[in-house]
Amino acid sequence: MRYSAFEIFKQGLTGHRNWPALWRDPVPKERYDVIIIGGGGHGLATAYYLAKEHGITNVAVLEKGWLGGGNTGRNTTIVRSNYMIEGNTEFYEHSLKLWEGLSQDLNYNVMFSQRGQYNTFHNPGQRDVARRRANTLRLNGIEAELIDAKQMAAEVPGLDYSANARFPILGAMYQKRAGTARHDAVAWGYARGADSFGVDIIQNCEVGEFIRDQGRITGVRTNRGDIRADKVGMAVAGHTSHVAAKAGLTLPIETHVLQAFVSEPLKPIFDTVISFGAAHFYISQSDKGGLVMGGDIDGYNSYAQRGGMPTMEHVFAAGVSFMPYLSRLKILRQWGGVMDMTMDGSPIICKSPIDGLYINGGWCYGGFKATPASGWCFAHTIARDEPHEFNAKFGLDRFSRGFALDERGAGPTPHAH
Ligand code: FAD
């Protein structure tokens with residue numbers, strides 16, 4: 001629906017009373033063709049592409065809380081495709097291409113901003129690693145540039161470029177098409193799109209158990225009753241091992257907390273994303289002016305979605321050594337999300353060994369960028385009962401066969417998100 005400027009103004013003054021909901025609030029049916037557990041970006045994108053690409057519309061997305069209340073609404077929204085291992089390369093580049101057309105496809109502004117990303121290096125060894133990565137990416141048709149400190153200082157002033165800095169900046173690997181997006185809008189846009197195809201999006205609906213019939217998964221037990229389905233897909237991010245265990249599966253996944261921070265709003269300082277992977281620090285500036293920052297995962301297993309002081313100290317010690325002016329910054333908020341960490345840092349998108357159950361998980365700290373391709377590939381896998389070539393290497397069997405996809409921190413430098 002389109003509104004005139006006057007109508008939008010009137011809606012604002014009347015508490016949006018007549019504003020149509022973006023998606024319906026249906027009562028769960030007794031049976032669907034496909035159930036997706038988890039109403040984050042990945043689950044909603046899967047439902048959208050099941051309907052749009054495969055014509056499967058008798059689908060329910062079951063979310064225990066509210067849409068995007070998990071990692072989708074907690075992440076720092078960095079999107080990039082500079083992965084260099086075969087398997088990851090084509091998948092993340094496909095994702096970036098989907099991002100580039102996403103607002104048009106959904107007819108919903110996800111505020112995708114291709115502001116570029118710099119991954120800094122600080123000694124000759126790191127520069128060699130960055131050069132190798134940039135060369136590999138370019139050979140695979142993915143743009144990446146190596147720039148020196150002089151060029152970077154001209155493009156991103158304000159960092160400590162002095163030779164006696166704690167970690168002298170020698171340059172960066174730069175991906176121009178990388179950027180950020182508005183996380184909530186991604187969930188809402190996919191939800192609206194899926195709903196318009198007839199998908200039921202059901203919030204406050206927690207899956208407690210699986211229903212099995214002669215070994216096959218045939219539905220789920222929820223706090224809103226039993227719901228049957230021919231196929232059940234999980235896209236529950238940090239809860240992957242916990243939910244899979246209810247089906248009797250033990251996955252090679254551990255859950256850790258990842259924290260992030262946002263500052264008071266400032267005037268525009270820089271219009272790009274900077275990752276200082278060597279010391280676990282990255283930063284961008286939101287459209288509201290807040291500096292959005294993060295670091296490494298907490299070093300112990302936890303499902304607690306909250307922040308803590310030791311990580312804050314660690315992240316800002318690294319940040320101040322890199323951007324000394326951060327010492328005068330006031331932090332507004334700190335939060336945590338739960339990460340399903342695989343042993344090789346790469347995700348799982350596949351049919352599970354149990355008939356009727358499909359797994360999407362193991363996103364570690366980097367799944368937001370994957371949202372479009374993850375949904376696209378998971379929908380293909382569920383609809384056709386086989387992986388697409390883009391997720392063919394994301395099977396569970398790689399852990400038993402020893403074909404790990406280890407990018408050493410899944411980026412040009414560790415923890416670059
Ligand atoms: P979620 O949004 O977590 O969705 C899973 C949903 O499943 C949740 O809403 C949850 O409530 C629901 N659920 C769980 N159990 C059940 C159940 N039993 N029944 C029903 N529903 C259930 N990635 C990047 O690419 N770039 C970044 O810059 C980046 N920064 C990050 C920073 C932080 C602080 C965090 C926490 C994460 C970051 N990530 C980043 C990672 C990214 O957010 C995740 O990998 C990605 O969002 C996970 O997929 P999802 O969106 O579907 O998960």
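Whatever order the structure lists them in is the order used to number ligands and atoms, beginning at 1.
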| Can you check whether Pro168's main-chain N or O pairs, donor with acceptor, with His122's side chain at less than 3.5 Å? | yes

Ring centroid separation for [X] and [Y], is it under 6.0 angstrom?
| X | Y | result |
| --- | --- | --- |
| Tyr282 | Phe276 | no |
| Tyr190 | Tyr108 | no |
| Tyr49 | Phe197 | no |
| Phe378 | His42 | no |

With heavy-atom distances below 4.0 Å as the criterion, list the atoms of ligand 1 near [X].
| X | value |
| --- | --- |
| Lys369 | 24 (C), 25 (O) |
| Ala237 | 1 (P), 3 (O), 48 (C), 49 (O), 53 (O) |
| Ala260 | 34 (C) |
| Gly41 | 51 (O), 52 (O) |
| Thr77 | 27 (C), 28 (O) |
| Cys205 | 20 (C) |
| Met339 | 35 (C), 36 (C), 37 (C) |
| Trp363 | 45 (O) |

Check this for me - ligand 1, [X], N or O atoms closer than 3.5 angstrom, yes or no?
| X | value |
| --- | --- |
| Gly39 | no |
| Thr76 | yes |
| Lys64 | yes |
| Ile78 | yes |
| Gly367 | yes |
| Glu63 | yes |
| Glu206 | no |
| Gly366 | yes |
| Gln259 | no |

| field | Geometric class of the His16/Trp19 ring pair [parallel <30°, tilted 30-60°, perpendicular >60°] | value | perpendicular

Should [X] and [Y] count as an ion pair when the cut-off is N to O under 4.0 Å?
| X | Y | value |
| --- | --- | --- |
| Arg133 | Glu407 | yes |
| Arg115 | Asp287 | yes |
| Asp385 | Lys351 | yes |
| Lys52 | Asp105 | yes |
| Lys176 | Glu145 | no |

| query | So which of Ile297, Asn71, Val220 gets nearest to atom 1 (P) of ligand 1, if we judge by its closest heavy atom? | reply | Asn71

| Selection from Phe261, Trp335, Tyr365, Tyr282 by shortest heavy-atom distance to atom 29 (C) of ligand 1 | Tyr365

| task | Mind checking the CD1-SG spacing from Ile382 to Cys377? Nearest 0.5 Å is all I need. | result | 11.5 Å

| Would Ala235 count as a contact of ligand 1 if the rule is a heavy atom under 4.0 Å away? | yes

